[in-house]
Amino acid sequence: MNASRPTTPGGADLDALICDYNLVIGEDPSSSQWTGIAELAGWQPHESRAFQQAFWERRAAYDEGAISTVTFWSGLLRSGRTAPAGSTLLTDLTSADIDLWTTTDPAVLGVLSQAHAAGLRLVLLSNAPKPLANVLDDSDWCVTLFTRTVFSARIGVNKPDGRAFEAALEAAGWPQPWKTLFVDDRLENVEAAERLGLQTLHYTGDPAALARRLPRTLAVTRPTVLATNT
């Protein structure tokens with residue numbers, strides 16, 4: 001980060017917030033969810049961890065739109081299962097995958113709701129495949145809080161590639177990078193944003209830490225209106 005552009009912990013000098021989704025807004029899937037989707041794909045219950053490893057090995061290409069939903073799942077199916085386009089199994093797998101990622105943290109949504117009310121421009125920047133991106137776009141909290149969304153599968157590149165951050169800055173109306181806060185749970189993404197001159201927060205699960213980086217009128221509250229699941 002440019003040393004001549006110091007961070008402003010109280011958020012007084014911020015024009016925009018670019019926020020990651022999973023493990024910031026979205027919560028991690030439960031072990032039962034992982035087991036359920038693994039069994040749907042033909043893996044045995046005791047193979048859940050192996051399934052997750054295979055899942056993540058293929059995920060980057062799916063997130064950036066380099067492979068289709070059919071291709072993503074074709075390399076993960078076991079026990080003789082197939083899921084061609086239009087099949088019930090492919091529909092069920094896609095739905096189960098979306099369900100992994102659509103439980104949200106109400107405390108984070110509370111902070112973002114107040115940031116939105118304070119007039120801060122909010123842009124969602126997430127590595128996500130198109131089916132998940134479409135569902136997130138239609139969720140009540142996203143429609144209410146975010147000016148724009150930028151998903152990797154739609155732009156053809158994942159974070160931490162600099163082009164992802166440029167797309168997010170464009171979506172935010174090209175605010176000055178040093179007046180823009182980027183929040184992500186992955187350190188490599190935070191470091192990439194810092195190299196572009198953005199203010200950053202490496203999010204480690206504390207909504208109060210996020211609130212402290214936003215305008216001082218913000219506080220952690222639990223929303224009563226925004227939906228916490230899609």
Side-chain angles (χ1 to χ4, degrees), residues 11 14-29 33 62-65 69 91 94-159 163-175 179-186 189 193 198-199 201 203 205 207-211 213-215 217-230:
L14 285 180
D15 288 337
L17 170 67
I18 297 173
C19 190
D20 177 40
Y21 175 71
N22 193 42
L23 291 182
V24 179
I25 299 171
E27 297 186 341
D28 229 3
Q33 285 179 302
Y62 187 35
D63 281 348
E64 69 182 5
T69 302
T91 298
T94 303
S95 295
D97 184 22
I98 290 170
D99 287 345
L100 290 179
W101 312 114
T102 46
T103 298
T104 52
D105 184 337
V108 173
L109 288 178
V111 173
L112 296 179
S113 180
Q114 293 189 56
H116 171 73
L120 201 62
R121 280 173 279 168
L122 274 61
V123 170
L124 190 68
L125 176 61
S126 176
N127 290 352
K130 290 178 181 178
L132 176 57
N134 293 338
V135 169
L136 294 179
D137 259 346
D138 290 339
S139 63
D140 290 342
W141 58 265
C142 192
V143 171
T144 301
L145 300 179
F146 285 86
T147 303
R148 293 275 301 278
T149 59
V150 179
F151 293 103
S152 56
R154 295 177 180 168
I155 61 174
V157 64
N158 288 327
K159 293 174 295 182
R163 290 172 290 176
F165 298 103
E166 291 172 0
L169 287 167
E170 179 180 12
W174 291 113
K179 298 183 75 172
T180 304
L181 177 65
F182 172 69
V183 181
D184 200 294
D185 68 294
R186 297 182 63 178
N189 295 338
L198 281 75
Q199 294 188 44
L201 173 64
Y203 188 77
L210 173 59
R213 294 297 301 275
L214 298 175
T217 55
L218 302 184
V220 177
T221 59
R222 296 198 173 268
T224 57
V225 176
L226 296 178
T228 59
N229 293 278
T230 46

Please list, chain by chain and in numerical order, all residues satisfying side chain to side chain contact (heavy atoms under 4.5 Å, CB included) with Thr180, sequence neighbours excluded.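 With sequence neighbours excluded, Thr180 shows a side chain to side chain contact (heavy atoms under 4.5 Å, CB included) to Ala16, Ile18, Leu169, Pro175, Leu198, given in chain and number order.
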Taking only residues two or more places apart in sequence, or in another chain, which ones meet Ala96 in a side chain to side chain contact (heavy atoms under 4.5 Å, CB included)? Ile37, Leu40
Are the side chains of Val143 and Asp138 in contact, using a 4.5 Å heavy-atom criterion? no
How about Ser139 and Thr102: do any of their side-chain heavy atoms sit closer than 4.5 Å?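 No, side chains not in contact.
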Separation between [atom1] of [X] and [atom2] of [Y], rounded to the nearest 0.5 Å:
X: Asp137; Y: Phe146; atom1: CG; atom2: CZ; value: 11.0 Å
X: Cys19; Y: Ile25; atom1: SG; atom2: CD1; value: 4.0 Å
X: Leu125; Y: Asn189; atom1: CG; atom2: CG; value: 8.0 Å
X: Leu17; Y: Arg213; atom1: CG; atom2: CZ; value: 10.0 Å
X: Asp105; Y: Glu27; atom1: CG; atom2: CD; value: 5.0 Å
X: Leu122; Y: Thr149; atom1: CG; atom2: OG1; value: 12.0 Å

Partner of Trp101 by side chain to side chain contact (heavy atoms under 4.5 Å, CB included), out of Pro29, Pro129, Ser126: Pro29
Using the six-membered ring wherever Trp is involved, compare the ring planes of Trp141 and Tyr21 and label them parallel, tilted or perpendicular (cut-offs 30° and 60°).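 Judged by the thresholds at 30° and 60°, the geometry between Trp141 and Tyr21 is parallel.
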Please find the pair of heavy atoms, one from [X] and one from [Y], that lie closest to each other, and give the distance.
X: Arg163; Y: Val157; value: NH2-CG2, 3.7 Å
X: Pro207; Y: Val108; value: CG-CG2, 4.1 Å
X: Tyr62; Y: Ala153; value: O-CB, 4.4 Å
X: Leu201; Y: Leu210; value: CD2-CA, 3.7 Å
X: Ala164; Y: Ile155; value: CA-CD1, 3.9 Å

Mind running side-chain hydrogen bond (donor to acceptor under 3.5 Å, both in side chains) on Asn22 and Arg186 for me, showing each step along the way? CA-CA 10 Å; Asn22 193 42; Arg186 297 182 63 178; over 6 Å; no
Kindly indicate, with the supporting measurements, whether the criterion side chain to side chain contact (heavy atoms under 4.5 Å, CB included) is fulfilled by Asn134 and Phe151. CA-CA 9 Å; Asn134 293 338; Phe151 293 103; over 6 Å; no
Return each pair, listed once, that meets salt bridge (Lys or Arg N to Asp or Glu O under 4.0 Å) where at least one residue sits in residues 14-25; pairs must be two or more places apart or across chains.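 Checked against salt bridge (Lys or Arg N to Asp or Glu O under 4.0 Å) - neighbours excluded - the pairs reaching residues 14-25 are Asp15-Lys179, Asp20-Lys159.
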Could you walk me through whether Val150 and Val123 satisfy the side chain to side chain contact (heavy atoms under 4.5 Å, CB included) test, starting with their C-alpha distance in whole Å, then the side-chain angles of each, then the deciding distance to 0.1 Å, before giving a yes or no? CA-CA 7 Å; Val150 179; Val123 170; 4.2 Å; yes
Can you check whether Gly110's main-chain N or O pairs, donor with acceptor, with Ser113's side chain at less than 3.5 Å?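 Answer holds: no.
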Between Ser152 (side chain only) and Ala128 (backbone N and O only), is there a donor and an acceptor less than 3.5 Å apart? yes
